[in-house]
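Letters go in sequence order (proteins before strands), and every chain restarts at 1. What you see is a predicted model, and the numbers here were worked out from it, not measured in a lab.
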Protein chains: 2
Amino acid sequence: MTNSERPTNPQVQRTQKLMLDAARGLLADHGPEGVTHLRVAGAAGVARATVYRHWPDRAAILLDLLRTSADLDLAPPPPDSSITERVVIVLRTFAKALNGDGGRTLAAMIGLSEWDDDVFAALGRMATFGPMFLRSVLSDAVEQGLLDARADPALLADRLIGPLYFRRLLYHEDIENVYVDRLVEATIGPHLVD
Amino acid sequence: MTNSERPTNPQVQRTQKLMLDAARGLLADHGPEGVTHLRVAGAAGVARATVYRHWPDRAAILLDLLRTSADLDLAPPPPDSSITERVVIVLRTFAKALNGDGGRTLAAMIGLSEWDDDVFAALGRMATFGPMFLRSVLSDAVEQGLLDARADPALLADRLIGPLYFRRLLYHEDIENVYVDRLVEATIGPHLVD
DNA sequence: CTTACTTGAGACAGACTGTACCATATCCGT
DNA sequence: ACGGATATGGTACAGTCTGTCTCAAGTAAG
């Protein structure tokens, strides 16, 4: 586990940014195994020992990398829109993140998390954020009487998010908006109260 | 890409089995990065050069490992049972495979497949097998008039399998039979023709 | 300016890689 | 059972990456 607090020393900030940017490029180009202290040092124009001073092993580098790339900015959907529209908006945000670098990052984390507890913890923080947000949107809808009261928001969230992750991770397919629309329609359609 | 044909020479078969078993153990214990030619040789009681003779690099070893561990034996569900029962049977088979070693193997493949085309191809073969099977079960049900004709078997398969993979891969949760039951009920219930 | 902290540069042992070589063991057709 | 073909054992070698250490030079901040 690395120190998650940001350094105050500007010199440290500079070198750390150089190294993280270099590592990010290496991860994108060669995968997790391509991120070595030596290469990061070379790409960042930094001494190898400096990389070791910041992160003891590869997992620590990746962890910091993955932590900083979990940037899906979830804005609350407009409350005056229909529940279907609201869910579509949220899911499209997920899909967008998955289609971009987030998908590769997530795939790397999933592979590592089976054997690295720290990565698993980071994955948990990242993975629960989205579903929790979606769940709250769904709960609100149930309270407002827009969704069948017997609908379980947790299961519903799984059923909405699961297929997106499935398609992206196993088929490497970009998620089209049409797919999201059909998924949402089919999934929450039967629970709508009209 | 390694030769996928099985060797006829019994000597080769023996050593290959020894090495693959050793590699399987290493993968389970230490993850993909723990599978090195040196360790495989040591654990299998085999000369290091022999491991190199069979597989040129780590990816090739893992590929053979993953190829041989994709053993979910999908038996056609009893055709006289209800469509709900049939789908539950198929999905429980998936869940069982995911709960066991298959889940870890799959996670490893997902992580590797983003940067390794051979692993991606193997993942594709493995990942399409299940959904295709499920899709055919669903298609049959539509033809038999048990399911709403407007139901898209492909999307329906995604919606049934996706949540299972999602829970297993991101939360490391075993899939309970109750979860499968609720998922199937909620997903295909609205499409039932009674 | 002075102290504390950070980095650069190089050395070092150890692990893993990838290849090569030859003697030995095993297979398989005759 | 014999002999050529094939596979393995064992060893050596250069090369890369790891992880740690030391010391000189650079930077930050009171």
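Applying the 4.0 Å criterion to OP1 and OP2 of dT7(C), one finds that T15(A) has a side-chain N or O inside that range. Between T36(B) and dA15(C) there is no side-chain polar atom (N or O) within less than 4.0 angstrom of OP1 or OP2. Between H54(B) and dA7(D), a side-chain N or O to OP1/OP2 separation shorter than 4.0 Å is absent.
Remark: C1' of dT27(D) and CD of Q11(A) are 5 Å apart, rounded to the nearest angstrom. For R14(B) and dC27(C), the CZ to P distance is 4 Å, given to the nearest whole Å. Rounded to whole Å, atom C1' of dC16(C) lies 12 Å from atom CZ of R58(A). One atom, CD of Q16(B), and another, P of dA7(D), lie 11 Å apart when rounded to the nearest Å. Atom pair R53(B):CZ and dT6(D):P shows a separation of 14 Å (rounding to whole Å applied). Taking atom CD1 of I61(A) as the reference point, atom C1' of dG19(D) lies 12 Å away to the nearest angstrom. In this structure, NE2 of H37(B) is placed 7 Å from P of dG18(C), rounded to the nearest angstrom. In this structure, R48(B) places its CZ atom 9 Å from C1' of dT19(C), rounding to the nearest Å.
If you take CD1 on I61(B) and CH2 on W55(B), they are separated by 6.5 Å, rounding to the nearest 0.5 Å.
Annotation: of the two residues near DNA chain C, A49(B) and P10(B), the 5′-most nearest-nucleotide partner is A49(B).
The six-membered or imidazole ring of Y171(A) lies near that of F166(A), with a centre-to-centre distance under 6.0 Å.
The aromatic rings of F120(B) and H172(A) lie parallel to each other, their planes meeting at an angle below 30°, with 60° marking the opposite boundary.
For the residue pair Y179(A)/D158(B), the side-chain donor-acceptor check at 3.5 Å is satisfied.
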